[in-house]
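Reviewing the structure listed below.
The figures that follow rest on heavy atoms only: side chains count, while hydrogens, waters and symmetry mates do not. Naming: A, B, ... by sequence-line order, numbering from 1 per chain.
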4 protein chains.
Amino acid sequence: MLGYIASKMPPGRPFNSAHTAAARTAAIDLLEEQGYAAITMEAVAERTGISKQALYRRWKHKRHLVVDAFAEKADLLPDLPDTGTLQGDLQAFLRATFSMLRGTCGMTNRVLFTEALQDPEFLLEFRERHLIRRRRQVSALLQRAADRGECDLPADDTLVDLVLGPVWYRLLLQNAPLDEATADKFAKYFCHLVCSVEPT
Amino acid sequence: MLGYIASKMPPGRPFNSAHTAAARTAAIDLLEEQGYAAITMEAVAERTGISKQALYRRWKHKRHLVVDAFAEKADLLPDLPDTGTLQGDLQAFLRATFSMLRGTCGMTNRVLFTEALQDPEFLLEFRERHLIRRRRQVSALLQRAADRGECDLPADDTLVDLVLGPVWYRLLLQNAPLDEATADKFAKYFCHLVCSVEPT
Amino acid sequence: MLGYIASKMPPGRPFNSAHTAAARTAAIDLLEEQGYAAITMEAVAERTGISKQALYRRWKHKRHLVVDAFAEKADLLPDLPDTGTLQGDLQAFLRATFSMLRGTCGMTNRVLFTEALQDPEFLLEFRERHLIRRRRQVSALLQRAADRGECDLPADDTLVDLVLGPVWYRLLLQNAPLDEATADKFAKYFCHLVCSVEPT
Amino acid sequence: MLGYIASKMPPGRPFNSAHTAAARTAAIDLLEEQGYAAITMEAVAERTGISKQALYRRWKHKRHLVVDAFAEKADLLPDLPDTGTLQGDLQAFLRATFSMLRGTCGMTNRVLFTEALQDPEFLLEFRERHLIRRRRQVSALLQRAADRGECDLPADDTLVDLVLGPVWYRLLLQNAPLDEATADKFAKYFCHLVCSVEPT
DNA sequence: GGGTAATCGAGACGGTACGTCTCGTCTTCCT
DNA sequence: AGGAAGACGAGACGTACCGTCTCGATTACCC
């Protein structure tokens with residue numbers, strides 16, 4: 001049973017995975033150093049020494065590279081410690097989330113969002129592959145509270161929108177900080193809100 | 001004393017205001033017909049018969065034209081009838097808002113948001129000139145409820161973020177409809193949320 | 001009666017004719033310095049400081065530029081002094097032609113021929129715009145002799161092919177020099193040949 | 001003593017000779033179907049199912065493949081029946097030659113010529129390996145006439161150039177057909193020409 | 001039958017040029 | 001003067017083909 005690991009290897013010379021990583025890194029670095037408009041296939045190629053053709057072999061379009069480069073970083077998710085109460089859970093989740101969004105992850109998510117708004121196809125993918133994971137965390141958190149009898153859950157995902165909407169709103173508009181105090185305040189408000197839900 | 005009425009008029013031939021309007025319309029039409037990427041100075045020039053130079057005389061950059069073109073349409077705001085209760089007010093506001101966002105105004109706002117995410121300078125302007133007007137409506141609504149004694153208000157704008165965040169979240173991600181049922185549900189939830197606020 | 005020369009000028013900024021000339025020159029220089037493969041739109045652009053777009057505005061494809069650049073040089077034609085005899089005329093024509101083909105004009109013609117062999121469309125143009133001029137010279141020369149009663153002319157252009165064929169053959173294959181002695185020899189032979197023609 | 005025929009066989013897996021033939025055929029087919037520019041290593045590889053590497057193992061460069069593919073077909077030479085007179089010989093030779101050049105052989109020779117014009121090294125080879133054979137035929141033909149006393153021969157190959165020049169001229173430029181009538185006319189003219197030659 | 005040496009298909013790789021596009025500016029003539 | 005027409009420099013886009021290299025798998029001879 002030795003060969004069966006390698007048996008799935010496709011024919012032909014494999015991608016140089018160092019290149020794949022280098023290109024992703026370059027895209028991220030370009031954003032941080034010179035801003036969104038500096039993310040350019042040409043620049044990535046020059047900076048990494050990878051030929052343009054090699055880039056286009058991996059990623060069909062510029063957008064694909066950008067998305068892929070930032071996807072990884074965007075997907076950092078907090079742990080979901082069970083604090084025993086909904087408010088405790090929410091507070092822990094929001095504190096951790098805000099903390100990440102204050103760092104590179106925040107910028108990264110803004111980039112992905114920017115791309116998503118310009119490409120309907122990617123918007124779908126962005127929702128289904130990335131955003132959904134955070135939504136599921138919130139769902140799980142609420143479900144746990146419902147199981148404890150702390151609240152009822154509506155049939156749809158409305159509550160999740162209510163929790164995450166303000167987070168994205170602040171992240172994208174940068175109109176107010178995403179600090180711990182805000183996390184705690186949001187947690188408290190959501191807790192009241194959620195607990196007031198009646199079955200539909 | 002002939003000249004003093006026109007004395008503020010700049011020297012030289014004045015702009016043809018029909019052109020200004022035509023360019024704005026063309027930008028909007030291009031978006032609707034072929035999508036965001038089709039909004040091009042070149043395309044606007046061709047479609048309107050206005051020379052590129054004339055466009056650049058009015059708007060310094062492409063973004064300026066886009067912003068200007070969509071600003072008008074984006075700023076439609078609902079009336080704020082006083083229904084006597086916070087939930088009634090919220091429901092009326094959200095129903096009206098959702099109704100507008102389902103139309104051209106929604107798409108328009110998505111475009112402006114897209115531009116804002118790509119241009120920090122414009123983001124500021126977008127927030128201070130456009131978004132703030134809707135925020136003020138929500139503030140006014142909440143203030144009215146506070147005056148009635150229905151709720152307390154925190155020192156900052158947190159509540160406004162909580163109300164508008166989910167709206168923008170849905171508008172931008174298009175993950176769920178902005179229909180009347182949702183408006184009502186949102187209104188109910190917010191009402192509970194807001195009324196649970198304690199002074200800070 | 002002032003404006004009628006310029007009255008046909010098209011609207012808009014006119015081409016910078018210095019650029020047009022510079023590009024043509026650059027193409028020729030590149031050939032001479034580094035060979036045919038060095039004639040590159042990119043290289044022409046860099047060397048002249050003209051943007052690629054400006055080049056493509058004038059010449060639809062690279063081939064068009066090449067053709068145009070070399071057409072001028074390729075089209076140098078000898079005078080046709082009337083020496084009074086066919087052999088004298090032929091000798092003068094061939095000496096002058098060989099002389100030119102030994103210089104830049106020869107290389108230029110080889111380049112154009114190379115292009116023509118690779119592009120049927122251009123072959124046609126090459127024949128009708130360039131080659132035909134030299135053919136007409138030979139025709140004129142022969143016609144003059146016929147008018148003098150030195151020879152008859154066949155209905156078609158066979159004789160022209162017989163005169164110019166060997167010239168091109170030597171130019172392209174470079175199997176033998178195009179010197180004065182050869183010119184004289186060719187002239188003598190052709191004279192005999194032509195004078196032996198009987199009406200068809 | 002079985003092995004001594006194969007004893008020169010190099011170690012390792014031998015070339016698949018079917019592939020060698022297939023590639024040659026593909027090159028020819030590509031020319032016929034889509035023209036000269038379509039002859040591409042990539043296209044040959046795809047069309048034959050042979051990997052590019054396998055092609056480059058056989059032929060060092062694209063030109064080598066092209067030349068090799070077309071060389072075979074280009075070398076068809078007519079028989080040289082002795083008709084007893086120079087004109088008869090010339091006529092037979094030209095008729096046969098034209099006949100071949102009207103077919104694949106003509107196209108093939110145009111391709112080789114095209115390559116030769118782009119590669120001085122190959123030009124030499126083309127002349128010495130291919131063109132020379134036809135030149136020798138003409139030489140032989142003239143020698144025969146000289147032996148018969150029909151004409152004198154100059155010291156150099158001028159006469160051969162005069163005979164073959166127009167043929168190539170017409171083949172390459174495709175300005176006039178290579179039909180039997182032309183062959184006959186050429187033969188008659190050449191005969192007069194050749195017979196007028198005086199020793200130099 | 002195992003070792004050696006070359007082939008094979010598949011396909012990634014760097015390089016280089018292609019021809020296109022949009023941006024924002026500049027230059028011409030016309031009204 | 002304004003305005004249309006459109007050339008201009010800059011520079012990214014995505015594609016094509018070149019000739020090379022890297023995989024694992026497959027023949028062939030030889031010992």
Taking only nitrogen or oxygen atoms into account, show me every contact under 3.5 Å that the protein makes with nucleotides 24-26 of chain F, one pair per line with its distance.
from, atom 1, to, atom 2, distance (Å)
F/dT26, O2, D/Arg13, NH1, 2.8

Exercise. Is there any side chain to side chain donor-acceptor pair (under 3.5 Å) pair reaching into residues 22-32 of chain D, and which pairs are they, with sequence neighbours excluded?
Worked result: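 Only D/Arg24-D/Asp68 qualify under side chain to side chain donor-acceptor pair (under 3.5 Å).
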Problem set entry | Least distance between heavy atoms, B/Val111 atom then B/Val66 atom |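 Smallest heavy-atom distance, with atoms named: CG1-CG1, 4.0 Å.
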Problem set entry | Nucleotide nearest B/Gln53 (side chain, heavy atoms from C-beta), chosen from E/dG14, E/dC26, E/dT20 |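 The listed nucleotide nearest to B/Gln53's side chain is E/dC26.
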For this session: Counting heavy atoms from C-beta on, name the nucleotide in F/dC13, E/dA10, F/dA10 closest to the side chain of D/Ser51.
Result: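 Closest of the options to the side chain of D/Ser51: E/dA10.
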Seminar exercise, completed: In numerical order, the residues of residues 55-64 of chain D whose heavy atoms come under 4.0 Å of DNA chain F are D/Tyr56, D/His61, D/Lys62
Exercise. Which parts of residues 35-50 of chain B get close to DNA chain F, meaning a heavy atom less than 4.0 angstrom away?
Worked result: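 Residues of residues 35-50 of chain B that come under 4.0 Å of DNA chain F are, in numerical order, B/Gly49, B/Ile50.
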Problem set entry | Contacts of D/Arg13 that satisfy salt bridge (Lys or Arg N to Asp or Glu O under 4.0 Å) - sequence neighbours left out | none
Problem set entry | Nucleic acid contacts - residues 23-34 of chain C versus DNA chain E, non-hydrogen atoms under 4.0 Å |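 Within residues 23-34 of chain C, no residue comes under 4.0 Å of DNA chain E.
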Problem set entry | Main-chain N/O of C/Thr114 paired to C/Gln118 side chain as donor or acceptor, under 3.5 Å | yes
For this session: Please confirm whether the backbone N or O of A/Leu65 pairs with a side-chain atom of A/Lys60, one donor and one acceptor, at under 3.5 Å?
Result: no
For this session: Drop me the distance from B/Lys62's NZ to B/Ile39's CD1, to the nearest 0.5 angstrom.
Result: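 That separation rounds to 7.0 Å.
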For this session: State the CD-CG distance between D/Glu125 and D/Leu112, to the nearest 0.5 angstrom.
Result: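 If we round to the nearest 0.5 Å, D/Glu125:CD and D/Leu112:CG are 10.0 Å apart.
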For this session: Sorted by first residue and then second, give each ring-ring contact (aromatic ring centres under 6.0 Å, His included) pair with at least one member in residues 14-47 of chain A; sequence neighbours left out.
Result: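 Listed once each, the pairs would be none.
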Exercise. To the nearest 10 degrees, what angle separates the axes at the start and end of the helix from E/dG1-F/dC31 to E/dT31-F/dA1, five pairs each?
Worked result: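 So the angle between the two local helix axes works out to 20°.
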Exercise. Between A/Gly12 and C/Phe15, who's closer to the 5' end of DNA chain F by nearest nucleotide?
Worked result: C/Phe15
Would you say the side chain of [Y] lies within less than 4.5 Å of the side chain of [X], judging by non-hydrogen atoms?
| X | Y | result |
| --- | --- | --- |
| D/Asn109 | D/Phe113 | no |
| C/Trp59 | C/Thr20 | yes |
| C/Leu172 | D/Leu117 | yes |

Problem set entry | Listed partners of C/Ala43 passing side chain to side chain contact (heavy atoms under 4.5 Å, CB included), at least two apart |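 If we apply the side chain to side chain contact (heavy atoms under 4.5 Å, CB included) test to C/Ala43, skipping adjacent residues, the hits are C/Leu30, C/Thr40.
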Show me the donor-acceptor pairs within less than 3.5 Å that the side chains of residues 46-57 of chain A make with the rest of the protein, sequence neighbours left out.
from, atom 1, to, atom 2, distance (Å)
A/Arg47, NH1, A/Glu33, OE2, 3.4
A/Arg47, NH2, A/Glu33, OE1, 2.8
A/Thr48, OG1, A/Val44, O, 2.6
A/Thr48, OG1, A/Ala45, O, 3.3
A/Thr48, OG1, A/Ile50, N, 3.1
A/Ser51, OG, A/Ala54, N, 3.2
A/Lys52, NZ, A/Glu42, OE1, 3.4

For this session: Return the set of residues passing ring-ring contact (aromatic ring centres under 6.0 Å, His included) with D/Phe70 (not counting sequence neighbours), or none when no residue passes.
Result: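 Here no residue qualifies.
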Problem set entry | Partners passing ring-ring contact (aromatic ring centres under 6.0 Å, His included) against D/His130 (at least two apart in sequence or in another chain) | D/Phe126
Exercise. So, does the side chain of D/Lys52 form a donor-acceptor pair with the base of F/dG19 at under 3.5 Å?
Worked result: yes
Problem set entry | Phosphate OP1/OP2 of F/dA7: any C/His19 side-chain N/O under 4.0 Å |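 For C/His19, the contact criterion (side-chain N or O under 4.0 Å from OP1 or OP2 of F/dA7) is not met.
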